[in-house]
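Letters A, B, ... are given to chains in the order of the sequence lines, protein chains preceding strands, and every chain is numbered from 1.
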Protein chains: 2
Amino acid sequence: MRPAGQTALLEAARQEFAERGFGSASIRNIAARAGMSLSAMYHYYSGKQELLHALLDEGMDRYFASVAAELDAVGGHDAAPAERLGAVVAATTRFRAEHAARSNILLLEERSLEAERLERYGRRQAEATNLFRDPIEAGIASGEFHTPYPDEARRGVIAMCNAVAQWYRPDGPLTLGSLVDRHVELALTLVEYRPQRSFAARGR
Amino acid sequence: MRPAGQTALLEAARQEFAERGFGSASIRNIAARAGMSLSAMYHYYSGKQELLHALLDEGMDRYFASVAAELDAVGGHDAAPAERLGAVVAATTRFRAEHAARSNILLLEERSLEAERLERYGRRQAEATNLFRDPIEAGIASGEFHTPYPDEARRGVIAMCNAVAQWYRPDGPLTLGSLVDRHVELALTLVEYRPQRSFAARGR
DNA sequence: CCAACCTTCACGAACGATCGTTAAGTTAGA
DNA sequence: TCTAACTTAACGATCGTTCGTGAAGGTTGG
């Protein structure tokens, strides 16, 4: 279990970074939001950079956990490519919507990382990309996905999911459940998913 | 014609903002990059905020000009919806790739704008969204686009195009021309474009 | 049992550096 | 002589970081 002070600090830093961006964020404000003095913050984190690093790490952990849970729910690596891609798209869309601040930091503040820490983060980002790449390539190989451009389709799907963090508002007209369903459908449309051995139209 | 000093300043500010973000950018660095003193900068722009504002305005002007030119090339508002959407996607993809720094500032630094200037920028952003919305709705109305989710498809197409500014490198394996073509195809796939009165397959 | 000690957690004060901005003055061309 | 273009110098504020201090609480040695 993480100490309460540390959790409060991460939450405060998340808000501050999400609102103003890393460069404009003040660690004095972060400490104040967390209800402690500036120096107390240095007891938990050795500086502004490490605060960002911890935030990105924690965000990545949560994201991978979300996707893994959704993947397990459809049967893990043994599921059909369309099921797996759908699970990844659903988990990603939901994560971007439910953790907008977290996601925006993950997506926008990469450039604020120092060189050494950026290297590690880049590796995790590549893993995240593979979450989409694997089922798409499997679908191409099995003949269920017909897109001639798997790489660009993958990037398109990822971009569509990621953008959710920037525009979706829970109090808007669109239910999160509906959005997730639509994104799954759109992703399957983009990779030109057509079930084999059947001429029946896919359900709407 | 803009004074040379002003142009150099905008270029320097663009680089600095793109590399470090607005918050971390230093106007001293910007002035130095432009080859002038800090105070000389104040002769042209009244401060950091106005520098960002000018940059966003100039970027938007260029973007709209690019799209307008591409739209004109296919026949303007009289062209078929698929042609129009293709033109907008092509122009946007090309713009994001050829003006990556410009685009990233347009896409990421909105939050650094003060309230008053943000209002004006929001209006221009809405106009940009309409560039995609109009042909998509026209395609739905004419029966050539069959997507059940025009709004989410539109957001997906826009996100796909915008993401180009973050990943595309001109020295990479993919030609810009190829990327543009593929994005146009993917966009038409996403809105489920099927030409009317013909069973012939669309060209690949 | 108790005194000495260490670690954890927190504080206020101050460091030097850099920030955005302004003032006052100089130069060069119309 | 007027003005645009540009200079150096300095302003106060805020930045991230460091230092020294000390209260609280558990552990250890005699």
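For A:R33, the side-chain contact (heavy atoms from CB on, under 4.5 Å) partners two or more places apart in sequence, or in a different chain, are A:A12, A:Q15, A:E16, A:E19. Here B:A40 pairs with B:M36, B:S37 under the side-chain contact (heavy atoms from CB on, under 4.5 Å) rule; sequence neighbours left out. With sequence neighbours excluded, the residues satisfying ring pair (Phe, Tyr, Trp, His ring centres under 6.0 Å) with B:H99 are B:F95.
Within residues 46-57 of chain B, the residues approaching DNA chain C are B:G47, B:K48, by heavy-atom distance under 4.0 Å. Using a 4.0 Å cut-off on heavy atoms, the residues of residues 17-28 of chain B that approach DNA chain D are B:R28, listed by number.
Residues A:R155 and B:M160 are not in side-chain contact: their nearest non-hydrogen atoms beyond the backbone lie 4.5 Å or more apart. Counting heavy atoms from C-beta on, the side chains of A:L51 and A:M41 come closer than 4.5 Å. In this structure the side chain of B:V191 never reaches within 4.5 angstrom of the side chain of B:P150, judged on heavy atoms.
Sorted by first then second residue, the side-chain hydrogen bond (donor to acceptor under 3.5 Å, both in side chains) pairs that include residues 162-180 of chain B, not counting sequence neighbours, are B:R96-B:N162. Within the structure, every pair that satisfies the side-chain hydrogen bond (donor to acceptor under 3.5 Å, both in side chains) test and touches residues 62-85 of chain A, not counting sequence neighbours, is listed here: A:Y63-A:T92. Screening residues 4-35 of chain A for ring-ring contact (aromatic ring centres under 6.0 Å, His included) gives A:F17-A:F22 as the qualifying pairs, with residues at least two apart or on separate chains.
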Show the atom names and distances, to 0.1 Å, of all donor-acceptor pairs under 3.5 Å that link a side chain in residues 119-129 of chain B to residues at least two apart or in another chain.
from, atom 1, to, atom 2, distance (Å)
B:R120, NE, B:D57, OD1, 3.3
B:R120, NH2, B:D57, OD2, 2.9
B:Y121, OH, B:L106, O, 2.6
B:R124, NH1, B:D57, OD1, 3.4
B:R124, NH1, B:D61, OD1, 3.1
B:R124, NH2, B:D61, OD1, 2.7
B:Q125, NE2, B:E110, OE1, 3.4
B:T129, OG1, B:Q125, O, 3.2

Could I get a table of every N or O pair under 3.5 Å where one atom is in the protein and the other is in nucleotides 6-9 of chain D?
from, atom 1, to, atom 2, distance (Å)
D:dC6, OP2, B:Y44, OH, 2.5
D:dT7, OP2, B:S37, N, 2.7
D:dT7, OP2, B:S37, OG, 2.5
D:dT8, O4, B:S39, OG, 2.4
D:dA9, N6, B:S39, OG, 3.4

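Comparing the local axis fitted to the first five base pairs of the helix from C:dC1-D:dG30 to C:dA30-D:dT1 with the one fitted to its last five gives a bend of 20°, rounded to 10°.
A:T93 contributes no side-chain N or O that, together with a main-chain N or O of A:A90, makes up a donor-acceptor pair within less than 3.5 Å. Distance alone, capped at 3.5 Å, is enough to place a donor-acceptor pair between the A:Q49 side chain and the A:S112 backbone.
As rounded to whole Å, 14 Å separates atom C1' of D:dT17 from atom CD1 of A:I30. In this structure, A:N29 atom CG and D:dT17 atom P are separated by 15 Å, rounded to whole Å.
Note that the first and last nucleotides of DNA chain C, 5' to 3', having any atom under 4.0 angstrom from a heavy atom of chain B are C:dC19 to C:dA23.
The line from OG1 of A:T189 to NE2 of B:H146 is 13.0 Å long, rounded to the nearest 0.5 Å. Note that CZ of A:R14 and CG of A:L9 are 11.0 Å apart. Values are rounded to the nearest 0.5 Å.
Using a cut-off of 4.0 Å between Lys/Arg side-chain N and Asp/Glu carboxylate O, A:E137 and A:R154 are scored as not salt-bridged.
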